Amino acid sequence: MRYLYFTIILLIITTSCKKDFEISNLNGDTITILGHGGMGIEHLYPLNSFESIQNCLSIGADGTEIDIQMTKDSVLVVFHDELLEHSTNSDGAIYLKNWDDVNDASYLFPPYAQYKVVTLDQLFSDLANPKDFTFFLDCKNFNPDTTTAYYNTFNNALIQVIEDHDLADNVVVELKRTGLIESLQAKRPDLKIFIYQGFETGIPLAIEYQLEGITLDVNTIAKEEVAEAHALGIKIAVFNTHTKQRNVDAIEKNVDIIQTDKVNHLIKLLK
Amino acid sequence: MMAYTLAAQHEEVSCAKNVLYLEGLGIGGFGSINYERNFIVVNAHQINGRIGISTLNIRDFTNQLNPDIIVPIAVNWLYGNRHKIEIGIGQAITNIVVADKGQPKRGFNLNANFNIGYRYQKTSGGMVIRCGYTPFIEHYKNYKHWAGLSIGYAF
């Protein structure tokens, strides 16, 4: 019985202590801690709201992932879902609306708060010291338009905001479509780009377009595959870390960037 | 036990006057602590008033202590003896911290709320369990479906 108590106490002590990880990656053997849309999907602040993003930066994260979409009149809006009715008091797809039609949208949860949907420009204007942080801009191109004209318009809007706030060194652009990558590289070859793809398809595309890295689900990549990407000079960013265990899993895989939903936990583990 | 008596149809009934309860979800948002007091008790009918306190975030988005405040108030009509029907209407007074040009700013708002549900409560007091449909009209703009479950004590 005494040994049982001892084992339980030992387990409590060992699991509650800060862990020391031996990290080996392309990021100077450190992991960049990013919030997922700010404080993540389970927080009281809605994903991508100004409050969520500023809160994430205020508690010690290195930066945050931000979802962006473009309105019909080429305004970049910070929002995750394809349809506004999924999480706001408005409805429809952002790419089918002008900013004036989205301007009044506020998030449905938490009750009574009515946090507002904001533009990327507003966000960067209002954040405290944005140049101290890293922003992964996850471009949600729900617009089915695959023309060069659309790609140019989207990238022009993106570059405009980045230049207006002098954040070229702080921003990493996450893209899924190769047409958008080609268009952005033609305009601003200095901007860091990650491709949002699975490992098998992402690696050859990252090599072909000389990208900084790949963003993918933490559950879909093994430690050996991370090492394989690193050997090719390709960084790995992971998302879908909804649980503390997934934070630990991501660290142990030696990834370079974690976009976490458990921001406080990851900060406690790594800082 | 604080209790009072009333004469109703020639019989004397000992009736708990106060209730303290915790509500999960409900008109306080995600949860609230509430005090309720009976104003009128006639036979199986009761009218009571409720006031509570709730919050969302204790620290604001700049990580400073700056709690959101939600005060649900309501007037309820109850019918029944041990098993009661409850219908209520009220306001939730909210003082929530939101961003204004990047800075925390407290915003004061009124929100209408309604309640229809079931309550278990002995007339003389003791354990209280209540559950119901508790929609509210947020900022008098957005109708929101909501529900609540409470447990407390009448005395």
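Everything numeric here is computed off the predicted structure, so don't read it as measured data. FYI, side chains are in, hydrogens and waters are out, and symmetry mates aren't considered; it's all heavy atoms of this structure. In the text below, chain A, chain B and the rest are named by the order of the sequence lines, each starting its count at 1.
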Quick check - list every chain B-chain A donor-acceptor pair under 3.5 angstrom, one line each.
from	atom 1	to	atom 2	distance (Å)
B/I27	O	A/Y112	OH	2.5
B/F61	N	A/Y45	OH	3.1
B/F61	O	A/N55	N	3.3
B/F61	O	A/S58	OG	3.2
B/A99	N	A/E51	OE2	2.8
B/E138	OE1	A/Q114	NE2	2.9
B/E138	OE2	A/Y112	N	2.4
B/H139	ND1	A/Q114	OE1	3.2
B/H139	NE2	A/Y112	O	3.0
B/K144	NZ	A/L108	O	2.2

Relative to chain A, which of B/I96, B/V97, B/I70, B/L56 shows the most heavy atom pairs under 4.5 Å?
B/L56
Chain B interface, residue from A/L123, A/L108, A/L127, A/V118 that has the most non-hydrogen pairs under 4.5 Å:
A/L108
Under 4.5 Å from any heavy atom of chain B, what part of A/A128 do you find: side chain, backbone, both or neither?
neither
Is a side-chain donor-acceptor pair under 3.5 Å present for B/Y118 with B/H83?
yes
Once side-chain hydrogen bond (donor to acceptor under 3.5 Å, both in side chains) is applied, do any residues pair with B/Y79, and if so which ones, sequence neighbours excluded?
none
Between atom CD1 of A/I53 and atom CZ of A/F135, what is the distance when rounded to the nearest 0.5 Å?
8.0 Å
Return the SG to CG distance between A/C139 and A/L175, rounded to the nearest 0.5 Å.
4.5 Å
Output all residues satisfying side-chain contact (heavy atoms from CB on, under 4.5 Å) with B/V71, sequence neighbours left out; order by chain, then residue number.
B/I51, B/I53, B/I69, B/I73, B/I93
Apply salt bridge (charged side-chain N to carboxylate O under 4.0 Å, His left out) to B/E86 and list each qualifying residue two or more places apart in sequence or on a separate chain.
B/R119, B/R130
B/I47, CD1 atom: more than 12 neighbouring heavy atoms under 6.0 Å:
yes
